[in-house]
Amino acid sequence: MKRLRSKRTGRVLPVVRALLVIAGAAALLITPCIAQVQSAQTQNPLALSEFRQVLVDLGAYIDAHKGTNLASQFSALSDEQLEKAYQAAPNSRELQTAVAALKEHDAAVANGSTPAPRAMSVPRAQVTPNAVFGSCPPGSIIDNSTGATCTPNYPDPNNTSWQTVVKALFPFGAFSPTDYPDVSSQSCGLTVEANLEQVNAILTGILQTLSPICSALPPIASNVCWAAAAVVAGADQATAGLFLDCTWQDGNVNAAEVDAGFHNTVTIFNALNTGFASASTQLTNVNNQITGEFGGLTTQVGNTSSQITALSTQVANVDVHLTNVDNHIATEFATLTTAVNQATAQLNAELKQIMKLELEPNGQKVINPAILTCTGSNCPNVLAACPTAGCSWNNVGPLP
């Protein structure tokens with residue numbers, strides 16, 4: 001028996017030594033990675049328990065809006081698994097701040113203390129389904145004010161596919177109401193959108209840092225590491241989904257309003273052309289009237305000499321009439337000139353407004369209200385605030 005045990009011991013020892021060598025080599029490979037992460041982590045002095053609470057809070061937030069169960073998954077992570085995610089976090093303190101801001105916004109919307117941003121200042125009781133510009137009467141101005149006959153071509157509030165996308169954005173106050181006709185004309189709230197983007201960026205950074213660490217670990221340890229990474233990846237994907245839903249809706253609203261501005265420009269241009277045609281017709285009628293007057297005068301001159309005295313009186317009357325006609329023409333031309341100048345000034349102001357809208361960032365495009373009510377000489381120049389060098393994408397003057 002002693003000899004048998006000795007033989008078995010002799011066979012086991014080389015295996016043990018091999019395992020120790022492998023473990024030592026793995027430790028040498030892992031040490032620089034862990035040291036680098038720990039060095040970065042000194043800038044984010046969250047306790048491990050605080051970091052766990054941040055992830056649980058984030059999971060609860062996403063669960064409430066996406067129907068996931070991330071909070072329980074984060075809570076179930078072992079300390080060893082949580083440590084891997086903690087070491088990979090590029091800035092856990094910033095993550096804590098962003099998650100807290102999202103929770104505070106949820107609470108404020110629920111309590112009604114902070115109204116969410118609206119795309120239109122329309123009382124909810126007055127909201128009606130939006131009309132597509134193609135169904136508007138010819139020559140109509142597309143507007144989004146209260147009682148407007150024709151509104152921009154916002155998403156169809158009855159479209160079930162669109163409803164499915166925006167429904168996920170209702171619970172956390174990205175939009176103020178929950179009725180689809182009103183939501184179709186709104187963009188996501190800036191507070192929610194900015195914090196979703198920040199959380200997504202931080203979680204992506206955690207995954208990018210955690211991946212090489214997990215890959216360098218031995219099989220058992222790497223399984224623990226990858227389990228933590230999988231939970232973080234789920235939260236990252238859900239956050240990115242909410243953020244993309246917001247930006248997609250923003251694009252729909254912006255496109256509808258830009259398209260409405262284009263069609264309004266065409267309508268105004270056509271109206272000006274009609275005005276010029278009407279003025280030309282009036283001038284032709286006046287010319288025909290003058291021609292008729294001169295024809296009658298020639299006929300009268302050809303009458304007998306007995307009519308010369310009467311003709312002289314008529315000539316005097318005709319002279320007075322011609323003077324009146326001349327004054328009338330001058331007045332008509334002055335009125336027409338004023339109308340054309342006013343219309344040209346109004347058109348130039350609206351074109352400058354369109355230029356400024358094209359230069360402004362999406363989500364901040366607002367038409368100067370004075371543009372919609374001015375008559376020409378009193379229209380504001382929205383590009384006047386640009387510097388001497390002129391307007392550009394990066395230099396458009398103050399935003400509305």
Side-chain angles (χ1 to χ4, degrees), residues 115-159 162 166 175-177 179-190 248-275 339 342-385 396-400:
R118 297 173 63 91
M120 302 184 297
S121 299
V122 181
R124 190 163 174 182
Q126 300 179 11
V127 172
T128 56
N130 291 312
V132 179
F133 67 82
S135 63
C136 294
S140 300
I141 291 295
I142 304 172
D143 195 4
N144 60 1
S145 60
T146 304
T149 303
C150 302
T151 58
N153 188 20
Y154 295 119
D156 181 3
N158 298 314
N159 185 288
W162 173 81
V166 299
F175 304 122
S176 53
D179 57 305
Y180 292 113
D182 201 6
V183 168
S184 66
S185 60
Q186 295 188 57
S187 300
C188 273
L190 178 62
W248 177 77
Q249 171 65 9
D250 292 350
N252 284 333
V253 172
N254 292 336
E257 294 177 351
V258 169
D259 194 47
F262 167 76
H263 285 276
N264 284 345
T265 301
V266 174
T267 298
I268 294 170
F269 179 79
N270 291 338
L272 290 175
N273 277 345
T274 302
Q342 288 289 86
T344 301
Q346 186 176 12
L347 178 60
N348 287 337
E350 291 169 346
L351 289 176
K352 289 177 180 179
Q353 176 66 79
I354 292 173
M355 294 177 192
K356 192 166 191 298
L357 288 174
E358 290 296 328
L359 295 172
E360 291 174 346
N362 288 336
Q364 302 185 39
K365 299 178 185 291
V366 178
I367 297 177
N368 190 322
I371 291 291
L372 303 177
T373 58
C374 66
T375 59
S377 58
N378 61 341
C379 292
N381 181 1
V382 296
L383 295 180
V396 297
L399 296 174

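Values below: all heavy atoms of this structure, side chains included; hydrogens, waters and symmetry mates excluded. For the single chain, residues carry numbers from 1 onward in sequence order. Given the structure is predicted, the values throughout are model-derived calculations rather than measurements.
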Check whether any side-chain heavy atom of [X] sits under 4.5 Å from a side-chain heavy atom of [Y], and report yes or no.
| X | Y | answer |
| --- | --- | --- |
| L372 | I367 | yes |
| F262 | V258 | no |
| F175 | D182 | no |
| L347 | I268 | yes |
| W248 | W162 | yes |
| E350 | T265 | no |
| V382 | M355 | no |
| C150 | I141 | no |

Grab the two heavy atoms, one from [X] and one from [Y], that are nearest each other, plus how far apart they are.
| X | Y | value |
| --- | --- | --- |
| K365 | E360 | NZ-O, 2.9 Å |
| S140 | N264 | O-OD1, 4.3 Å |
| C188 | D250 | N-OD1, 2.9 Å |
| L272 | A343 | CD2-CB, 3.1 Å |
| A349 | P380 | CB-O, 3.9 Å |
| Q353 | V366 | NE2-O, 3.8 Å |

For the backbone of [Y] and the side chain of [X], can you confirm whether one donor and one acceptor N or O come within less than 3.5 Å of each other?
| X | Y | value |
| --- | --- | --- |
| N368 | A370 | yes |
| N378 | C374 | no |
| D259 | P152 | no |
| Q249 | Q186 | yes |

To the nearest 0.5 Å, what is the distance between [atom1] ([X]) and [atom2] ([Y])?
| X | Y | atom1 | atom2 | value |
| --- | --- | --- | --- | --- |
| N348 | C379 | CG | SG | 9.5 Å |
| L383 | K352 | CG | NZ | 6.5 Å |
| I142 | T267 | CD1 | OG1 | 6.5 Å |
| K356 | L351 | NZ | CG | 15.5 Å |

Please walk me through it: do Y154 and V253 pass side chain to side chain contact (heavy atoms under 4.5 Å, CB included)? CA-CA 6 Å; Y154 295 119; V253 172; 3.9 Å; yes
